[in-house]
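To start, the structure under review is shown below, and the notes come after it.
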Protein chains: 2
Amino acid sequence: MSLRYALLALLRVGPLSGYELQKQFAMSVGHVWHAPDSQIYPELRKMEAEHLIEGEEQTRGQRATRRIYHVTDTGEQAFLAWMHTPLKYARVRDPAHLRAAYLEAATPEAAREFFRSHIMQWEGELAQWEGELLRIDELANPMLVRRLAVTQPEDRERTIAFKRFTYEGLVERARGEIAWARRGLKLIDELDRSAGARADRDTARV
Amino acid sequence: MSLRYALLALLRVGPLSGYELQKQFAMSVGHVWHAPDSQIYPELRKMEAEHLIEGEEQTRGQRATRRIYHVTDTGEQAFLAWMHTPLKYARVRDPAHLRAAYLEAATPEAAREFFRSHIMQWEGELAQWEGELLRIDELANPMLVRRLAVTQPEDRERTIAFKRFTYEGLVERARGEIAWARRGLKLIDELDRSAGARADRDTARV
DNA sequence: TAATCCATGTAATGAGTTACATGATTCT
DNA sequence: AGAATCATGTAACTCATTACATGGATTA
């Protein structure tokens with residue numbers, strides 16, 4: 001259900017074709033809400049059927065066409081209504097912490113590998129989000145620049161501030177996950193040592 | 001796909017009926033992987049069809065029956081194989097941060113309400129996870145106690161350590177979300193002030 | 001003329017949510 | 001006798017993933 005609001009958020013800045021939208025999506029909203037093109041095209045059609053957006057067919061070259069979508073009044077209202085509606089939080093469903101809770105069933109090497117890939121995963125996200133923070137500060141994000149261009153001067157500060165604030169939160173989360181996983185690696189070392197010590201003691205006794 | 005491993009993790013401790021499993025689930029793995037009963041019962045049937053678990057019909061009173069499930073060798077192997085398999089990370093899909101990125105479109109009061117409910121949401125999770133941490137330390141979690149009872153003495157330290165470590169991570173995450181949302185509330189105050197100051201200055205000029 | 005973009009989908013499957021549905025047993 | 005709990009599901013729907021499918025336009 002959030003997908004359509006993510007799409008509306010982008011289209012509110014200005015009309016785009018499905019293809020452009022999909023590209024822009026990956027580089028902006030896609031950082032907080034992933035969607036593949038195979039989901040975006042049908043969703044646009046559905047949104048058009050519900051009159052949230054309108055598409056205009058444009059010719060391209062001799063035979064090809066493309067559809068340029070823009071937000072309707074209904075769509076704008078739906079977006080604002082959603083912004084003023086309490087968010088539904090999804091129930092926890094966290095495969096990484098599920099696995100972490102049962103790591104005693106894995107070999108220490110597999111447990112280490114788990115934490116290492118957790119670190120890599122979140123370092124990837126961190127890099128994305130830090131990059132986005134930089135692009136916000138330097139006004140180097142094209143969608144943000146277009147957004148500011150159609151925003152009342154007195155609202156520009158807010159627009160930038162909330163975007164920045166969002167990515168700050170994501171960056172902190174990523175750092176938290178990385179720190180946790182690093183501590184996980186240390187924990188495995190400690191457990192190894194303490195198991196080793198116990199084994200030594202037992203051998204000594206025998 | 002994680003659901004079945006969450007179920008296996010619980011059943012590995014000892015046989016349970018679907019109903020008991022579902023109750024235990026909510027009180028243990030459910031803290032990291034939520035699943036309603038309408039999902040658990042069919043999944044158990046599917047897992048039985050794939051020989052990961054076996055169910056034995058038990059009579060209850062005069063007419064009623066219940067099915068007690070236990071993990072088969074195949075199931076045990078499948079669980080261990082999963083534990084040694086790289087985790088698939090789901091793509092980001094974060095409605096809260098999606099909304100946060102566009103809060104300039106909401107009234108300040110709606111934006112405040114958003115952050116307040118974000119805080120409440122995560123305080124709820126935090127309380128759950130801190131409670132679980134306490135129950136781990138006091139060995140007051142029945143599933144953990146049963147787990148330890150069937151665990152080799154030399155593995156008990158690891159078992160407790162990983163469980164503790166998991167919930168520590170969740171607690172930190174919740175605290176992070178809460179801290180972020182509190183800063184969000186402050187940010188709105190600041191933007192309000194700066195907007196107010198601008199308005200005053202403009203009026204003064206006129 | 002081949003590669004790369006531009007452009008738009010469908011189809012099958014799986015995972016999860018919500019609502020509905022039913023009946024036995026045990027405890028008070 | 002009524003409430004709570006035990007016990008087990010089905011059905012309809014939405015959302016998301018993965019794979020497949022096609023073809024025009026542009027540029028090197």
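To find a chain, count down the sequence lines: A is the first, B the second, and so on, and within it residues start at 1.
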First encountered from the 5' end of DNA chain D, between B:Pro42 and A:His34: B:Pro42
Once salt bridge (charged side-chain N to carboxylate O under 4.0 Å, His left out) is applied, do any residues pair with B:Glu168, and if so which ones, sequence neighbours excluded? A:Arg183, B:Arg164
Centroid separation under 6.0 Å, is that true for the rings of A:Tyr167 and A:Phe162? no
Taken to the nearest whole Å, CD/B:Glu20 to C1'/D:dT8 is 14 Å
Taking atom P of D:dA12 as reference, at what distance in whole Å does atom CD of B:Gln39 sit? 18 Å
With nearest nucleotides of DNA chain C determined for B:Lys46 and A:Lys88 from heavy-atom distances, which residue corresponds to the more 5′ nucleotide? B:Lys46
Name every donor-acceptor pair, under 3.5 Å, that has one atom in a side chain of residues 32-39 of chain A and the other anywhere in the protein, sequence neighbours excluded.
none

With a 4.0 Å cut-off (strictly under) to non-hydrogen atoms of chain A, the first and last hit nts on DNA chain C, 5' to 3', are C:dC5 to C:dT17
If I take atom NZ in residue B:Lys23 and atom C1' in nucleotide D:dC6, what distance separates them, rounded to the nearest angstrom? 9 Å
Starting from the 5' end of DNA chain D, give me the residue, A:Ser2 or B:Ser17, whose nearest nucleotide shows up first. B:Ser17
Just how far, in rounded Å, is C1' of D:dT8 from CE of B:Met47? 17 Å
Just to verify, which of B:Arg45, B:His70, B:Glu48 counts as forming a side chain to side chain contact (heavy atoms under 4.5 Å, CB included) with B:Ile53? B:Glu48
Spacing between B:Asp37 atom CG and D:dT10 atom C1', to the nearest angstrom: 12 Å
Residues 74-88 of chain B vs side-chain hydrogen bond (donor to acceptor under 3.5 Å, both in side chains), sequence neighbours excluded, gives B:Arg12-B:Glu76
Closest of D:dT17, D:dT8, D:dC15 to the A:Ser38 side chain is D:dT17
Restricting to side chain to side chain donor-acceptor pair (under 3.5 Å), what partner residues turn up for B:Ser17, sequence neighbours left out? B:Glu20
Counting just side-chain N and O atoms, does B:Tyr19 come under 4.0 Å of either OP1 or OP2 of D:dT8? no
Nearest whole angstrom, please: distance from the P of D:dA7 to the CD of B:Glu56. 16 Å
Would you say D:dT8 has OP1 or OP2 under 4.0 Å from some side-chain N or O of B:Arg63? no
Qualifying residues under ring pair (Phe, Tyr, Trp, His ring centres under 6.0 Å), relative to A:His31, sequence neighbours excluded: none
What nucleic acid atoms does B:Arg60 come within less than 4.0 Å of, heavy atoms only: base, sugar-phosphate, or nothing? base
If I take atom CD in residue B:Glu43 and atom C1' in nucleotide D:dT8, what distance separates them, rounded to the nearest angstrom? 16 Å
